[in-house]
Number of protein chains: 2
Amino acid sequence: MIVAREYLQSFGIRPSVQRVAVMHYLLTHRTHPTVDEIYSELVNEIPTLSRTTVYNTLHLLYEHGAILALCIDGVNTHFDGYTSPHAHFMCSQCGKIYDVDLDDVAFVERNTPKNASIVTDAQLYYKGVCATCANKSN
Amino acid sequence: MIVAREYLQSFGIRPSVQRVAVMHYLLTHRTHPTVDEIYSELVNEIPTLSRTTVYNTLHLLYEHGAILALCIDGVNTHFDGYTSPHAHFMCSQCGKIYDVDLDDVAFVERNTPKNASIVTDAQLYYKGVCATCANKSN
DNA sequence: GAGTATTTTTGTAATGATTTCAAAAACGAA
DNA sequence: TTCGTTTTTGAAATCATTACAAAAATACTC
């Protein structure tokens with residue numbers, strides 16, 4: 001948990017037990033979990049944990065740029081503790097979200113809208129069927 | 001409405017009155033409206049129109065690739081009748097969504113995930129504050 | 001053109017993610 | 001320890017979306 005605590009502090013976020021747990025979860029699980037997936041896991045560790053706290057914490061982390069928020073399927077927001085520039089690919093069959101490396105990391109920045117005064121977030125995502133699911137349905 | 005009707009047919013979609021109205025609205029309004037914005041406008045034209053029909057129609061159009069569906073703020077899905085490759089920029093102050101041209105239209109395709117068997121959709125979006133809103137708050 | 005099957009629309013009710021809010025708990029400073 | 005501030009909690013409310021079955025419109029056949 002040391003890493004998560006220091007990571008939060010580097011963003012100026014006070015490291016409460018709940019915040020550290022959420023951040024630690026996201027740093028150690030590259031699965032792009034939803035609020036409920038995070039809550040369901042952490043409530044074992046912190047039995048008094050409230051879903052609202054998970055919502056509050058994720059908002060806070062997102063506002064401070066400590067995590068990414070991904071809205072791909074229009075149903076659930078997914079979260080990512082890995083904030084280096086990369087894209088995402090969601091399989092509409094299994095629901096998994098994969099990280100996607102970019103051949104030109106500067107592309108997104110270079111195409112920043114001209115009429116944007118401030119840009120707080122930029123995301124590139126793909127939707128489709130992953131190879132694993134495509135093979136299964138043979 | 002002629003254009004919308006033929007446009008739908010080119011995608012193999014039967015042109016009902018409601019479908020043509022929704023498609024026509026999206027072809028003539030580049031505002032990236034939500035379901036409710038579309039419904040509220042069209043119900044004047046088609047008084048019996050149901051919100052469910054708008055939902056059904058938008059799903060259908062999206063499935064056939066006739067429109068884009070944008071999930072940017074995680075609250076509302078916005079729709080776009082202009083399907084040529086471009087990105088979007090949403091101002092978190094006024095809520096407007098702007099079209100963004102790309103300096104390299106092939107970028108998105110070129111970076112298609114390796115483990116993708118089928119790609120049905122790809123979107124790039126930016127979030128921030130637009131110049132108009134930034135000037136207002138001076 | 002009448003009759004029948006199929007597709008589409010409609011409206012209400014249900015679902016489920018997210019937000020609101022005020023009280024309780026934890027924390028920090030003096 | 002005490003007081004003020006921040007954070008957490010949980011229940012209730014909100015609101016976009018979906019489910020579903022009946023009604024309406026459309027297409028198909030004789």
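Each chain gets a letter, A, B and so on, in the order its sequence line appears, and its residues count up from 1.
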*Quick one: closest heavy-atom pair of V129(A) and S92(A), and the distance?*
CG2-OG, 4.4 Å

With 3.5 Å as the limit, what N/O pairs link the protein to nucleotides 23-29 of chain C?
none

_Whole-Å gap separating C1' (dT26(D)) and CZ (R19(B))_ = 11 Å

*Sequence neighbours left out, what passes side chain to side chain contact (heavy atoms under 4.5 Å, CB included) with L27(A)? Give chain and number order.*
V3(A), A4(A), Y7(A), M23(A)

*asked:* Show every salt bridge (Lys or Arg N to Asp or Glu O under 4.0 Å) that has at least one partner inside residues 74-94 of chain A, sequence neighbours left out.
replied: none

*asked:* Just the rounded figure in Å: distance from P of dT18(D) to CG of D73(A).
replied: 10 Å

*Considering only NZ, NE, NH1 and NH2 on the basic side and carboxylate oxygens on the acidic side, decide whether R110(B) and D104(B) come within less than 4.0 Å.*
yes

Tabulate protein N/O versus nucleotide N/O from nucleotides 10-14 of chain C, keeping only pairs under 3.5 Å, one per line.
unit_1  : atom_1 : unit_2 : atom_2 : d
dT10(C) : OP1    : Q18(B) : NE2    : 3.3
dT10(C) : OP1    : T48(B) : O      : 3.1
dT10(C) : OP1    : T48(B) : OG1    : 3.0
dT10(C) : OP2    : S50(B) : N      : 3.3
dT10(C) : OP2    : T53(B) : OG1    : 2.7
dT10(C) : O5'    : T48(B) : O      : 3.1
dG11(C) : OP2    : T48(B) : O      : 3.4
dG11(C) : N7     : S50(B) : OG     : 3.4
dG11(C) : N7     : T52(B) : OG1    : 3.3
dG11(C) : O6     : T52(B) : OG1    : 3.4
dT12(C) : O4     : T52(B) : OG1    : 3.4

*Between L58(A) (CG) and dT19(C) (C1'), how many Å, whole number?*
14 Å

*Return the value, rounded to whole Å, for the distance between atom OH of Y55(A) and atom C1' of dG10(D).*
14 Å

*Could you tell me whether the side chain of K127(A) reaches within less than 4.5 Å of the side chain of I72(A), counting heavy atoms only?*
yes

_dT9(C) OP1/OP2 closer than 4.0 Å to side-chain N/O of S16(B)_ = yes

*Please give, in whole Å, the distance from dT17(D) C1' to I38(B) CD1?*
14 Å

*Looking only at side-chain N and O atoms, does H59(A) come under 4.0 Å of OP1 or OP2 in dT19(C)?*
yes

*Rounded to whole angstrom units, what separation is found between the CG atom of D36(B) and the P atom of dT18(D)?*
13 Å

*asked:* Using 0.5 Å steps for rounding, measure from the OG1 atom of T57(B) to the CD1 atom of I38(B).
replied: 9.5 Å

*asked:* Donor-acceptor check, side chain of N56(B) to backbone of H59(B), threshold 3.5 angstrom: yes or no?
replied: no

*Could you state the CG-P distance from N76(B) to dT19(C), rounded to the nearest angstrom?*
12 Å

*Locate the shortest heavy-atom distance separating P15(A) from V20(A); write the atom from each residue and the value.*
CB-CG2, 3.7 Å

*For R51(A), all residues meeting salt bridge (charged side-chain N to carboxylate O under 4.0 Å, His left out), sequence neighbours excluded*: D36(A)

*Note the angle between the end axes of the helix from dG1(C)-dC30(D) to dA30(C)-dT1(D), five pairs defining each, rounded to 10 degrees.*
30°

*Side chains of Y62(B) and D121(B), donor plus acceptor under 3.5 Å*: yes

*Which residue lies toward the 5' end of DNA chain D, V75(A) or L60(A), if each is placed at its nearest nucleotide?*
L60(A)

_d(CG, L8(A); P, dT6(D)) in whole Å_ = 18 Å

*Do you know which two heavy atoms are closest between H88(B) and V100(B), and how far apart they sit?*
C-CG2, 3.8 Å

